[in-house]
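Beneath this line is the structure, given in structure tokens, with notes to follow.
Here is the naming used below: chain letters follow the sequence lines, and residue numbers restart at 1 for every chain.
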2 protein chains.
Amino acid sequence: MTAIKESSTIQENKQYALEKCPVTFVMEKIGGYWKPIILYHLSTGDKRYSELKRAIPAVTEKMLIQHLKQLETDGLVIREAKPVVPPFVTYSLSEAGKGLLPVIDAMAAWAFKVKDGVYTI
Amino acid sequence: MTAIKESSTIQENKQYALEKCPVTFVMEKIGGYWKPIILYHLSTGDKRYSELKRAIPAVTEKMLIQHLKQLETDGLVIREAKPVVPPFVTYSLSEAGKGLLPVIDAMAAWAFKVKDGVYTI
DNA sequence: CATAATACATACTTTAGGGTAAGTACTTGT
DNA sequence: ACAAGTACTTACCCTAAAGTATGTATTATG
């Protein structure tokens, strides 16, 4: 249990995020490098833990499970475990998680436009 | 100039991002805590540096200027400086930057839905 | 009996990013 | 002569996040 320094700008900010700036609020939930990528891979349907691992080879197991737990805690993904051995766990998007798909889709659309040279960056 | 360790998963990943995952590619450009917030504040029109500072009180000057420079380098914002004293510098979205507005808008729309209780998270 | 498969957990180390504080340049106003 | 305003810059420190490596439970299978 690592104590959080109260004077961290970002941490203090998080308390008031929704009131102050909607984008800040979203960044609390899906900020960080891996979360949007996980959501993107779940957007095409339920995935087992091991399927996500294969779909995102660059992520370490620690990061994957950590972010899945956070996304679950934040109510964006749903974890379902069948009581079998070996374990069978699937992750899927909740309604709130599905509500974020326009964000993910807009990201993908922009990336493809860049790829196609629509924008010169 | 701080050397980047080659063995960082995220750093290595960045080389191949666009090929592998469009969302990863976008996260390279607007990932991090402050960038989407900056874009959000620029979405309503050009802003002077000092206006941005006032609009985002929680950000430190170092972070603000650092991210503005990165966004400029990435071709998402345009910096225009009038050669006057005191300095008069305005930041605005480039075409590519404007292309990201659907992403920002989708974020804001989701946040307001959460606020209105459309989703239970 | 040992290995494989799945879905994690945990201890420890490293690093990238963020925070603090101070300084710079140039001119106008008092 | 000194402060005030604007848009930065730079040096140093600290922490949160990410990476590495190993361990756990359970059962089927050779």
Minimum-distance pair of heavy atoms, taken over all atoms of Leu93(B) and Ile78(B)
O-CD1, 4.3 Å

When you check the phosphate oxygens OP1 and OP2 of dG18(C), does a side-chain N or O of His67(B) lie under 4.0 Å from one of them?
yes

Under 4.0 Å between a side-chain N or O of Ser50(B) and OP1 or OP2 of dA7(D)?
yes

Take the protein atom CD1 of Ile65(A) and the nucleotide atom P of dG19(D), then report the distance between them rounded to whole Å.
16 Å

Just verifying a value: how many Å separate Ile65(B) CD1 and Arg79(B) CZ, rounded to the nearest 0.5 Å?
7.0 Å

Give a yes/no on whether any side-chain N or O of Arg79(B) is located under 4.0 angstrom from OP1 or OP2 of dC8(D).
yes

Remember a base hit wins even if backbone is also touched, and classify Lys69(A) as base, sugar-phosphate or nothing at under 4.0 Å, heavy atoms.
sugar-phosphate

Distance check: side-chain N/O of Tyr33(B) vs OP1/OP2 of dG19(C), anything under 4.0 Å?
no

Report the distance from atom NZ of Lys62(A) to atom P of dT20(D), rounded to the nearest whole Å.
10 Å

Candidate nucleotides dT6(C), dT6(D), dC8(D), ranked by approach to the side chain of Pro86(B) - the nearest
dT6(D)

Starting at atom NZ of Lys35(B), determine the distance to atom C1' of dG17(C), rounded to an integer number of angstrom.
11 Å

Which nucleotide in the list dC8(D), dT26(D), dT27(C) gets nearest to the side chain of Tyr49(B)?
dC8(D)

With the side chain counted from C-beta on, respond yes when Ser94(A) and Tyr119(B) share a heavy-atom pair under 4.5 Å apart, and no when they do not.
no

Tell me the interatomic distance from Lys53(A), atom NZ, to dT6(C), atom P, rounded to whole angstroms.
7 Å

Between atom NE2 of His41(B) and atom SG of Cys21(A), what is the distance when rounded to the nearest 0.5 Å?
4.5 Å

Whole-Å distance, Glu61(A) CD to dA7(C) P, equals 10 Å

Sequence neighbours excluded, the answer for salt bridge (charged side-chain N to carboxylate O under 4.0 Å, His left out) partners of Lys98(B) is Glu95(B)

What integer distance in Å separates Leu64(A):CG from dA18(D):P?
13 Å

Say you draw a straight line from CG of Leu76(B) to CG of Leu68(B); how long is it, rounded to the nearest 0.5 Å?
11.5 Å

Value for OG1 (Thr24(B)) from OH (Tyr40(A)), rounded to nearest 0.5 Å, stands at 8.5 Å

Counting only side-chain nitrogens and oxygens, does Arg48(A) get under 4.0 Å of the OP1 or OP2 atom of dA7(C)?
yes

If pairs are Watson-Crick or G-U with both distances under 3.5 Å, what is the dot-bracket string of DNA chain C, marking crossing pairs with [ ] and pairs to another strand with |?
||||||||||||||||||||||||||||||

Using whole Å, what does the distance between atom P of nucleotide dA17(D) and atom CE of Met63(A) come to?
10 Å

So if I take every side-chain heavy atom of Thr60(A) and compare against dA5(C), dT20(D), dG5(D), which nucleotide ends up nearest?
dT20(D)

Length of the line joining Phe88(B):CZ and dA25(C):P, which is rounded to integer Å:
24 Å

